[in-house]
Number of protein chains: 2
Amino acid sequence: MHEVATTNEEDQGLAALKFDVFARGCPARSTLEHVTGRWSILVLGGLDAGPMRFNALLRRVEGVSEKMLAQALQALRRDGFVHREVRTAFPPNVEYSLTPLGRETSAKVRGLIEHLEAHMPQVLAANEHYDQEQISG
Amino acid sequence: MHEVATTNEEDQGLAALKFDVFARGCPARSTLEHVTGRWSILVLGGLDAGPMRFNALLRRVEGVSEKMLAQALQALRRDGFVHREVRTAFPPNVEYSLTPLGRETSAKVRGLIEHLEAHMPQVLAANEHYDQEQISG
DNA sequence: CGGGATCCGAGACGATACTG
DNA sequence: CAGTATCGTCTCGGATCCCG
């Protein structure tokens, strides 16, 4: 089974070798899917701007439904990337923020997002080139 | 050199502002989905090790079906991340490799994957903590 | 070996309605 | 405001067969 109760750095290093996303049942694969899911990745990227409330996120991630946002937030929370803070008041006030691990992860995600955004002209050009080839070929 | 219409930094800045994954119909969003898709991200990470043939990839990305691998490769190829080279011989020999853009992108993806693999103990601990809270709460 | 075509079930997803 | 519950749609994805 998974022996992952580690406190010192040596054990951390050895434990890391046990996780391989390319392997069939590896838990790292599902975690990767939680992070890179259609909406999760945008939630993670969105929270990178700072703590946000539910409806603020709903507006920031255009097109997401309440159901999908709630679902994505739950998965990210379960994996320890997102923190949920409830302030009992009226009207109810719930704030979502990144945990330290969430911030590290979000930084990588944002790096990927910004890299893609910056190279979109190149991607769109590749699209057209590919489509032209399909017609002639 | 395959430059994409931009020589000065002003155009770069303006072009970059045009693509926002958080916006509804932005093409960058679908590109992001192609890259971070369930199998695509593993294909991209797998090809990072070097050029590979179809069945080699099929074995490396454990659990992927022929259909899904072919589909992921097509999308990555259309977006200009992956190059396909056919050698007419018998038996047929087809090799897949990363384009320059693909290598840059794969590096980011790989960084994310390795970061997650390294922190899996922390994630699994968060899972257990979360599940315990659900029972008591 | 490297795929394409087809069928089909499971789950993702969106819209709506309802609750604390 | 911050969700949960329910339902219908529709895409994803696996299994299988087939072809160059």
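By convention in this document, chain letters (A, B, ...) are assigned in the order of the sequence lines, proteins followed by strands, and residues within each chain are numbered from 1.
Atom-to-atom distance recorded for B:His129:NE2 and A:Arg78:CZ is 13.0 Å, nearest 0.5 angstrom. Here the NZ atom belonging to B:Lys18 is positioned 13.5 Å from the CD atom belonging to A:Glu117, to the nearest 0.5 angstrom.
When the C1' atoms of four end pairs are superposed on the next four at each end of the helix from C:dC1-D:dG20 to C:dG20-D:dC1, using five pairs per end, the two resulting axes differ in direction by 50°, to 10°.
Side-chain contact between B:Met120 and A:Pro27: present, with at least one pair of heavy atoms (C-beta onward) separated by less than 4.5 Å. A:Leu124 has its side chain within reach of A:Asn127: a pair of non-hydrogen atoms, C-beta onward, lies under 4.5 Å apart. At a threshold of 4.5 Å between non-hydrogen side-chain atoms, the residues B:Val82 and B:Thr99 do not count as touching.
Residues passing the ring-ring contact (aromatic ring centres under 6.0 Å, His included) test with A:His115, sequence neighbours excluded: A:His119. The side chain to side chain donor-acceptor pair (under 3.5 Å) test applied to A:Arg77 returns no partner, not counting sequence neighbours.
A chain of hydrophobic side-chain contacts below 4.5 Å, direct or via other Ile, Leu, Val, Met, Phe, Trp or Tyr residues, connects A:Val86 to A:Leu57.
Across the protein-nucleic acid pair, A:Leu58 atom CG and D:dA2 atom P stand 10 Å apart, rounded to whole Å.
Contacts between residues 43-56 of chain A and DNA chain D, defined by a heavy-atom separation below 4.0 Å, involve A:Arg53, A:Phe54, A:Asn55, listed by number. Contact check of residues 72-83 of chain A against DNA chain C (heavy atom, cut-off under 4.0 Å) returns no residues at all.
Note on residues 63-76 of chain B: no pairs pass side chain to side chain donor-acceptor pair (under 3.5 Å), not counting sequence neighbours. Within the structure, every pair that satisfies the side chain to side chain donor-acceptor pair (under 3.5 Å) test and touches residues 24-37 of chain A, not counting sequence neighbours, is listed here: A:His34-A:Asp79. For the side chain to side chain donor-acceptor pair (under 3.5 Å) condition, the pairs that include at least one residue of residues 42-61 of chain A, sequence neighbours left out, are A:Asp48-A:Ser106, A:Asp48-A:Arg110. Residues in residues 41-88 of chain A take part in no ring pair (Phe, Tyr, Trp, His ring centres under 6.0 Å) pair, two or more places apart or across chains. The list of salt bridge (charged side-chain N to carboxylate O under 4.0 Å, His left out) pairs with a residue in residues 87-109 of chain A, not counting sequence neighbours, reads A:Arg87-A:Glu95.
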Evaluate the side-chain contact (heavy atoms from CB on, under 4.5 Å) criterion for residues B:Val35 and B:Leu44: first the C-alpha distance (whole Å), next the side-chain angles of each, then the deciding distance (0.1 Å), finally the verdict. CA-CA 8 Å; B:Val35 168; B:Leu44 218 48; 3.8 Å; yes

For A:Asn93 and A:Glu85: C-alpha separation, side-chain torsions, deciding distance, then whether side-chain contact (heavy atoms from CB on, under 4.5 Å) applies. CA-CA 8 Å; A:Asn93 185 318; A:Glu85 182 130 18; over 6 Å; no

Under a 4.0 Å heavy-atom criterion, the protein footprint on nucleotides 13-18 of chain D, written with B, S and -, is BBB---

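Using a 4.0 Å heavy-atom distance criterion, B:Arg87 is classed as making no nucleic acid contact.
Mapped onto DNA chain D by nearest heavy atom, A:Ala70 and A:Pro92 fall at different nucleotides, with A:Pro92 at the one closer to the 5' end.
With a cutoff of under 4.0 Å to any heavy atom of chain B, the contacted region of DNA chain C is bounded 5' to 3' by C:dC1 to C:dC7.
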